[in-house]
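Since we're looking at a predicted model, the values are computed, not measured.
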Amino acid sequence: YTSDRTLIDCIKINRTMKTNRVIKIFLASSEELEADRYRFGNLIRKLDNIYEKRGIRIELFEWEDYDAAYNGMRKQDEYNERVRASDMFLALFHKKAGKFTIEEFNIARKAFDEQASPKIYTYIKDLEAGESESRELAEFKRLMLEELGHYWCRYSNFDTMQLHFVLQLQMVEATTPIKVEVKESQVKIGDSTIADLNNVPFTSENATYKELQSRKEQLDREIGNAESGGRRGFFGQRSRTTDEELANLREERESVTEQIERQEKALVDTAMSIARMQGGECSPRMRTAAELFEKGEIDKAGAVLKEDDMEADATNAKLKFDTAAQPTAELTRNIERCAGEYMLKARIIVSGIADESRYRQAVKLMSTAIDLVSGRLPEETLAEYLFDYAVLLTDVGQQTKALETWERLSGIYERLYRKAPQKYAYGYAGVLNNMAVLYNDKGDFDHCLYKYLKAVDIYDRLNREEPGIYDDDIARLKNNLG
């Protein structure tokens, strides 16, 4: 949520700036997906160029990169060491699951249990007509579902795969994320197009979205006909009726275009929520709802998450957590899974037809999730939930409640910032900016100015430590302040 004022162009950042972090990615797959690995490598190179402006490099390792010279280790052993040292582990499957890929997956799982790294993401490419999956892959999928609770990403084309990965990368590099934007059905990071939403099933197969696109095309044709056929006389004047009809058509087209833009943003936001699930445990209901969402079946996805069942599970999870002498990791995960279901259902609801009753339901669901998390999960986790809730309240125009939530979130970020300034500075400054915009809209200029100046102070400190990295953000913030 940012100011709707025009943003100034920002100075290009020097390519020789200091690099503060390297994100290491291990890509595991068999030979059958050679073309997909090649294109994924190109994507990483593009993202590396973008993230370098933030002082971050992205390093990809795949088995083609391995130096085959003998070094006293079995080649697969060295692969496994690379797995343990990575930040993200990606496994690609299509028709089969090779034993080395599964071995690498298991190494990554064990490493994550021991050191909370790497984040594990699995991609399975859809089968085409006449193709079938091997017994090994079927068994591997069963293991992920039934024993690990692991949710994988399905993809049928590279736009879908690229979008999934970029959203997941936002989860891994959350300290200074690069904003993902949707412009004219294109998902972009900076000037680079990541995916065309017309090729991504959660939009292209979404019934409401298709109806809106169809209506826009029809309006374009009608407007074109009215403009060419409604002219009269030497000076091209139109009759009063034609002018009124044309004005109405243009007004409706503008309204439909706004609805399309709103739904595209809501759908991508929901996909971002699902990206948070991927690479971790999730409930069977969440997995089924996510799969239906990915296919474009939003109403079915929402129906899977039945509120009565969710409430019963949440009540049970709270009781066990609150009565435990020392809550275990499993009890904590149960709370997080239950809260995740409420958040996912809220996201799915607002991804459909814009309707005030749907927004009210989404606000209630997110509020329930926050009550569930508060006092039970770490403040860092609560902050993620509060941020989504504050944005929703802002979007639906509940200004007073939105400001209360932003203030609560600001208090949490201030405490986190004092403990770990470098980690939380960027997020804290963003929250302050959003609050300043709201106070400005409310006409409370004293609070607006205070929040902006506090955010500027944080960015100035960041800029002294890492010159150039935050130029875009500082320019945007100071433009809003001005």
Side-chain angles (χ1 to χ4, degrees), residues 20-29 36-37 40-41 43-44 47-48 50-51 54 56-62 79-93 101-124 140-141 143-145 147-155 160-178 180 189 194 271-283 286-287 290 294 329 332-333 336-337 340 343-344 377-378 380-381 383-385 420 423-424 426-427:
N20 296 305
R21 185 184 172 195
V22 177
I23 301 174
K24 297 179 180 179
I25 300 172
F26 188 100
L27 180 62
S29 72
D36 286 8
R37 289 201 315 275
F40 187 79
L43 171 65
I44 292 299
L47 291 171
D48 181 47
I50 295 170
Y51 272 80
R54 290 280 193 189
I56 298 166
R57 300 305 304 268
I58 304 177
E59 180 182 287
L60 177 66
F61 179 83
E62 24 185 2
Y79 289 164
N80 295 343
E81 286 302 314
R82 293 270 191 166
V83 170
R84 293 186 186 95
S86 62
D87 299 294
M88 298 180 74
F89 173 88
L90 276 64
L92 310 186
F93 299 96
T101 304
I102 292 177
E103 178 180 336
E104 290 157 358
F105 179 90
N106 289 330
I107 292 290
R109 270 187 56 219
K110 184 177 180 183
F112 182 81
D113 289 340
E114 294 171 352
Q115 61 193 35
S117 181
K119 300 287 187 184
I120 302 169
Y121 299 102
T122 306
Y123 292 76
I124 299 181
F140 180 69
K141 288 166 70 176
L143 174 74
M144 284 196 292
L145 284 175
E147 298 184 24
L148 306 179
H150 187 82
Y151 175 67
W152 62 76
C153 311
R154 292 181 53 202
Y155 74 101
T160 306
M161 183 186 178
Q162 285 195 149
L163 180 58
H164 276 305
F165 174 74
V166 167
L167 295 180
Q168 289 161 353
L169 184 61
Q170 300 287 300
M171 302 297 105
V172 173
E173 180 40 56
T175 306
T176 55
I178 295 179
V180 176
I189 287 186
I194 300 302
M272 177 72 84
S273 294
I274 290 172
R276 292 175 185 166
M277 293 165 42
Q278 294 157 343
E281 293 184 39
C282 61
S283 70
M286 291 175 73
R287 185 170 59 245
E294 296 284 0
T332 301
R333 283 195 293 270
E336 195 157 11
R337 278 193 289 264
M343 296 297 286
L344 179 59
L377 297 186
E380 182 177 4
T381 304
E384 294 178 8
Y385 286 85
K423 183 176 181 181
Y424 294 107
Y426 186 82

Could you give the distance from CD1 (Ile194) to CZ (Phe165), rounded to the nearest 0.5 Å?
10.0 Å
To check you understand the geometry: which heavy-atom pair defines the closest contact between Leu344 and Met286, and what is its length?
CD2-O, 4.0 Å
So, does Thr332 use its side chain to make a donor-acceptor pair with the main chain of Leu377 at under 3.5 Å?
no
How long is the straight-line distance from CD1 of Ile124 back to CE of Met144, given to the nearest 0.5 Å?
4.5 Å
Are the aromatic ring centres of Phe112 and Phe89 under 6.0 angstrom apart?
no
Taking only residues two or more places apart in sequence or in another chain, which ones pass side chain to side chain donor-acceptor pair (under 3.5 Å) with Arg287?
none
Quickly, which of Phe105, Tyr123, Phe140 forms a side chain to side chain contact (heavy atoms under 4.5 Å, CB included) with Phe93? Name it, please.
Phe140
So CG of Leu167 and CD1 of Ile274: to nearest 0.5 Å the spacing works out to 10.0 Å
Distance, nearest 0.5 Å, that separates OH of Tyr155 from OG1 of Thr160:
10.0 Å
Is there side-chain contact between Lys119 and Asp87, with at least one heavy-atom pair below 4.5 Å?
no
What I'd like to find out is whether the side chain of Glu104 reaches to under 4.5 Å of the side chain of Ile107, using heavy atoms alone.
no
Can you tell me how far the CD1 atom of Ile23 sits from the CZ atom of Arg57, to the nearest 0.5 Å?
11.5 Å
Please report the interatomic distance CG(Asn106) to CD1(Ile102), rounded to the nearest 0.5 Å.
7.5 Å
Contact summary for Arg37 and Ser29, nearest pair of heavy atoms
CD-OG, 2.8 Å
Report the C-alpha separation of Glu384 and Met343 in whole Å, then their side-chain angles, then the decisive distance to 0.1 Å, and conclude whether the side-chain contact (heavy atoms from CB on, under 4.5 Å) test is met.
CA-CA 11 Å; Glu384 294 178 8; Met343 296 297 286; over 6 Å; no
In terms of heavy-atom contacts, Pro118 and Ala111 come closest through CD-CB, 3.9 Å
Compare all side-chain heavy atoms of Ile189 with those of Val166 and state whether any distance is below 4.5 angstrom.
yes
Are side-chain heavy atoms of Leu92 and Phe40 found at a separation under 4.5 Å?
no
Charged N to carboxylate O below 4.0 Å: is that the case for Arg84 and Glu81?
yes
Within the structure provided, determine whether Arg154 and Glu294 are in side-chain contact (heavy-atom separation under 4.5 Å).
no
Candidate pair Leu27 and Ile44, rule side-chain contact (heavy atoms from CB on, under 4.5 Å), full reasoning:
CA-CA 11 Å; Leu27 180 62; Ile44 292 299; over 6 Å; no
Not counting sequence neighbours, which residues clear side chain to side chain donor-acceptor pair (under 3.5 Å) with Tyr385? List them please.
none
